[in-house]
Structure formats: structure tokens, C-alpha cells
Amino acid sequence: MSRVVRAAPADAAAETLARVRDDMSADSAAAFVRIATDYLAAAAGGAGDVSPATVAESFEFDPDAGPQSLERVLEELERFVVDGANRLWHPMYMGHQVAAPLPAAIWTEPVIAALNQSIAVREMSPSATPIERALIGWMCRLVWDDDAGAAWGTFTSGGTEAIFTSLLAARNAALPEAAEQGLRGPAAIVCGEHAHYAVRRAAGQLGLGSHGAVLVPSARSRMDLDALRGTLDDLSARGVPVVAVVATAGSTATGAFDELERIGAMCEQRDVWLHVDAAHGGSALLSARHRHRLAGIRYAHSVSWDPHKMMLMPLPAGVVLVRDARRLAGAFTQDAPYLFGEGAGAGVGAGAAAAAGVGAGAEQGMRSFMCSRRADAVKVWVALRRYGVDGMAALYDGLCDRTSELHGLLAERRDFEVLHEPECNILCFRYVGAPRLPDAELDALNLSLREKYNASGEGWITTTVLDGRRVLRTVIMNPLTTREHLERLIGALAAGPS
């Protein structure tokens, strides 16, 4: 039924403004913060079930109910949202690639929201734009070292937007006429079979079609280099231009890192754009112990990196970095003199040249798919200031250490089978029984085991399919998870089938 729009009472504006002023008070803010701190204390202390309460069935929204007291709104916020949420700070949550976010970054969120600065144009974000620019410059230097002078980037909503942005820049570099005239024939984006689905999505969005993403088989969860070489040779022989090769640094399924050194050299030899999807694994650049996994990233023309993964930021906080800033600017340059100031309306070439600069006047909106965009860089900066780069690296190392520890505990048992050695904080394994159960039973058993375990409230894990087999999957994103929690996980799973 459509809602009947009725005239607002004459005093509605005054009453609403009074509520707005009341809600600006420290007491009102403290009531919201209390909900967050109560949640953090309970979850981080391991209290309660990990599985969220089922509240969706009782949730109702009545747009005609009128304004409610703040007390009632807060009560509903706790009952419907907090009680029904995933408990990412619970040490037994080992599910998806979403972080237990660092507190200093959490408390920065209301400041970002209150200021409501839009990063598209510096005059709308005079204090936040320099922070984003400083972080982007630092991250470019981590990737390209001394060759980072022409590199630039922007914050994004996450890896999917970063991949799309990079591949749009790659398409325009490989096929300059495509931006204005569209594609006039087939073209390909080449990626490993375990690449993130965003690569195939981008191929469709960029006009290459679903068959424009050419998948290369894997060897030990990494892109097979011989198969990659054969694929590139075949495309070249058929006259199909290659827009980009996408390598993965920290795959979704297993956390595997492609061999960037060899892939990069192959792309450089063939003059092919290399995009490195380091959404999950890019934070290894902070770690002296794990940086070697990204050896060869200097070959990349573009990189996606999500601080909201292994830097433990609240969503969203993604980044795209491009080695040649002109390519990033050329992907999005528009005539918009009402936004981008003098020279912005002088045509695509002039706009691109202006946007490619890294001086104080360059606008971040000229490099981004989004126009209105919140100042997510501020929370990353606050977290780095509070915990330090070395502290963030230590947290990364700790998550990887716990995962290696879980691998060791499982490898000692006859009733579990580990599928790979972890390269970061992701591990796949499966229950096989002792003595080993028939392979025909294991897929259904492991799927039901995960469902039973998660429903128990004891913990939370995920599953995936590797080489046609259903497996259990853990992603350790919580620095409070200890060996004791790992042993509890194994014990609960082992007891599940009985």
C-alpha cells in the first residue's frame, strides 16, 4: 500500500529542531557510545554466543509512527541491530575477511560523520584532503619505493571499486578510443581462476563481456605461470588485445600470493598492464617478516589495497594506487567547472593534465569513481598515529602466527586434513574422521559440521570449495584470538559428528 503524504503540522519544524539540538549534547552522544562500548566489552571478553540472535522476524518499520524518544530509539538499536550483529570482536569468531576494528579508528567515525567533509573537492574537505594525500603518498612509496614519484591514488569503498578503477584505467591505456567510442572488437582481462569475482564483474562493466575475463588455471592455489604464458601467447596469436593481467596477493579462498616477480617480468616483457589485487595481502608491506610475499609488486601498474582488512579498519577503507597518475586521472576526467575549478572545463586533455598533478590544487574527485565521498582516510591516519606502523605490523604478524599455529595443531591430528600451508591469516582444512571416512561422505559432512558449529554459538567459521571438495575455512581477523581459542575450535568441530 502506498503511503499517504499529508501536510506536516505547523509546529513540526520547531519541534524537530528542538530534538536536533537536544541530540547534539554530550549526554546524547554518550548514550550511543555506551552501546558500542558495552558491545566491545562483552564480545572481546568472550561473553555470550558468537552466533547473532535471530531478530529479523520481529523487526518492523512503520514510517507513520512519528518521532520517538531517544531512549526508545536506543533500546531498539540495541535489540534489533546490536543483538542481531556478527560479533567480530569475539575471539571465537574466525569467519569472513572483515576485521575486528581497532578502537581508535572506531571512535574517529563520529568525528568524520559530524564534520561530513566530502573528499571530492578540497574546498569541501580542507583538512581531510591533505591527510588522504599524505597516506596515499606513503602507500605508493611502500609499493614502488624510489619509483613512486609519478604514482598516485585515492581511497575507495573497497577492493571491488579499486579493481574496477584500475581496469578502467588499463582499458583506456590499451584501447584509447574505447572511452568515447566503445569497444570495436574483443579484448581480454587475464586472471587466475581464484581471482576475486570483482575482476569478472569489471570485465562486464567495461564492455568486454562475461567472456572477456580469461581465467588461467592454478597450481597450488597460485596462478600457473606456464598456463599464463600460453594464454597470453594464444591471445596474441588471435589478435585479441590484453587490457590487463590481474595477479592476486592474498586470495579470498586460501590467502595465497601469486608469484609477482615472475608475472611482473612477463607482463613487462610484453608491455601488458599488471594489476595486483592486494586487497587482503597488501598490508604485508608493513611487516618485515611478510613483505617478501609481495616481492615483484614494483612491476604493478596498479594496486588495490584494503586497510579495512588486515590493517583492521572499520568499513569502508579501500585504496587504489596507480604507478602513473595520468592514467588514473584519464579514467575519470570530466568537464565539471562547478566542482573542479579553473581549467576543469577546458576539455579532457587539460583536465587530465591538471588532475595528474600532485600539487596542493589537485582534486581527489578527478581520480575517483565517486563524487561525494566521506573522509575515511582520517580514521586510518588516527589509527596509525595511535598504534604506530610497527604496532600495525605486529598485529598483522600476530594474525598470521595464530593461523600458522592452527595449521600446526590440525596437522598433528588424524581426524583433520589441512589443505595448504597458510601464507597469511586464512586456512582451509576439513574433517575426515579417524579412521578416515569415505570421500563420498566428506563434502556433506563438512558442510553440516560448519552449520552445526555456527548454530551452537560456540564460534563462527566459513566453508568454500577447493578442487571440487567442500572444505572448512577460517580467517583470523581478531588479535584477541589465542591458542586456547584455536584448541576450543578444534575440539568442538571434532565432537560435532559424534
Side-chain angles (χ1 to χ4, degrees), residues 29-30 32-45 81-82 85-91 93 95-119 125 127-139 142 153-159 161-162 278-287 304-321 364 370 373-399 425 475-481:
F32 285 92
V33 172
R34 178 194 58 77
I35 292 175
T37 53
D38 285 353
Y39 157 74
L40 289 175
V81 179
V82 177
N86 291 321
R87 287 149 175 77
L88 303 180
W89 263 110
H90 196 294
Y93 184 92
H96 294 279
Q97 293 165 276
V98 183
L102 296 175
I106 296 173
W107 308 136
T108 309
E109 291 277 5
V111 179
I112 294 171
L115 298 177
N116 206 31
Q117 307 289 286
S118 177
I119 296 290
S125 55
S127 58
T129 292
I131 289 174
E132 174 164 319
R133 295 174 60 78
L135 289 178
I136 290 294
W138 169 66
M139 297 172 92
L142 286 173
T154 178
F155 270 66
T156 67
S157 57
E161 183 191 344
H280 191 79
S283 298
L285 290 169
L286 308 181
S287 166
S304 45
W305 178 357
D306 282 353
H308 65 222
K309 290 188 171 72
M310 294 293 279
M311 287 179 71
L312 306 186
M313 292 295 106
L315 293 165
V319 168
V320 59
L321 308 173
Q364 285 296 84
M370 293 187 287
R373 179 163 61 83
R374 69 197 305 271
D376 290 306
V378 174
K379 64 191 175 193
V380 180
W381 170 71
V382 166
L384 286 166
R385 293 291 294 153
R386 173 65 176 135
Y387 307 113
V389 175
D390 288 345
M392 303 282 267
L395 292 175
Y396 182 98
D397 291 345
L399 297 175
N425 64 324
V475 184
I476 298 179
M477 299 288 289
N478 186 338
L480 300 182
T481 299

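Computed from a predicted structure; not experimentally measured.
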| Chi angles and distances behind the side chain to side chain contact (heavy atoms under 4.5 Å, CB included) call for Leu135, Leu384 | CA-CA 10 Å; Leu135 289 178; Leu384 286 166; 3.8 Å; yes
| task | Determine the minimum heavy-atom distance between Met311 and Leu102, stating which atoms define it. | result | O-CD1, 3.7 Å
| said: Please give me the minimum heavy-atom distance between Ala128 and Ala375, naming the atom from each residue. | reply: CB-CB, 3.7 Å
| request: Sort out for me which residue in Ile119, Val378, Asp376, Val319 forms a side-chain contact (heavy atoms from CB on, under 4.5 Å) with Glu132. | output: Ile119
| remark: In short, Ala105 meets Ala383 closest at the heavy-atom pair CB-CB, 4.4 Å
| query | Between atom CG of Leu312 and atom CG of Asn478, what is the distance when rounded to the nearest 0.5 Å? | reply | 8.5 Å
| said: If I compare all heavy atoms of Pro307 with all of Gly318, which pair ends up nearest, and what's the gap? | reply: CD-CA, 4.0 Å
| note | Value for CZ (Arg373) from OG1 (Thr154), rounded to nearest 0.5 Å, stands at 3.5 Å
| Between atom CE of Met310 and atom CE of Met477, what is the distance when rounded to the nearest 0.5 Å? | 6.0 Å
| query | Taking all non-hydrogen atoms of both residues, which atom of Glu109 and which atom of Pro314 are closest, and how far apart? | reply | OE2-CB, 3.5 Å
| Between OH of Tyr93 and OG1 of Thr481, what distance do you get to the nearest 0.5 Å? | 11.5 Å
| said: Let me confirm one number: the CZ-CE distance from Phe155 to Met139, rounded to the nearest 0.5 Å. | reply: 6.0 Å
| note | Between the CD1 atom in Ile131 and the CZ atom in Arg385, the distance rounded to the nearest 0.5 Å is 10.5 Å
| task | Mind listing the closest non-hydrogen atom pair of Asn86 and Tyr39 along with its distance? | result | O-OH, 3.8 Å
| Is the closest side-chain heavy-atom distance between Tyr396 and Leu285 below 4.5 Å? | no
| Beyond-backbone contact of Leu40 with Ile106, side-chain heavy atoms, under 4.5 angstrom | yes
| request: Begin from the C-alpha positions of Lys379 and His308 and carry the test side chain to side chain contact (heavy atoms under 4.5 Å, CB included) through to its verdict. | output: CA-CA 10 Å; Lys379 64 191 175 193; His308 65 222; over 6 Å; no
| field | Donor-acceptor under 3.5 Å (Ser125 side chain, Ser118 main chain) | value | yes
| said: For the backbone of Ala41 and the side chain of Trp89, can you confirm whether one donor and one acceptor N or O come within less than 3.5 Å of each other? | reply: no
| task | For Val475 and Val98, run side chain to side chain contact (heavy atoms under 4.5 Å, CB included): C-alpha distance rounded to whole Å, both residues' side-chain angles, the deciding distance at 0.1 Å, then the answer. | result | CA-CA 9 Å; Val475 184; Val98 183; over 6 Å; no
| query | Please walk me through it: do His280 and Asp306 pass side chain to side chain contact (heavy atoms under 4.5 Å, CB included)? | reply | CA-CA 6 Å; His280 191 79; Asp306 282 353; over 6 Å; no
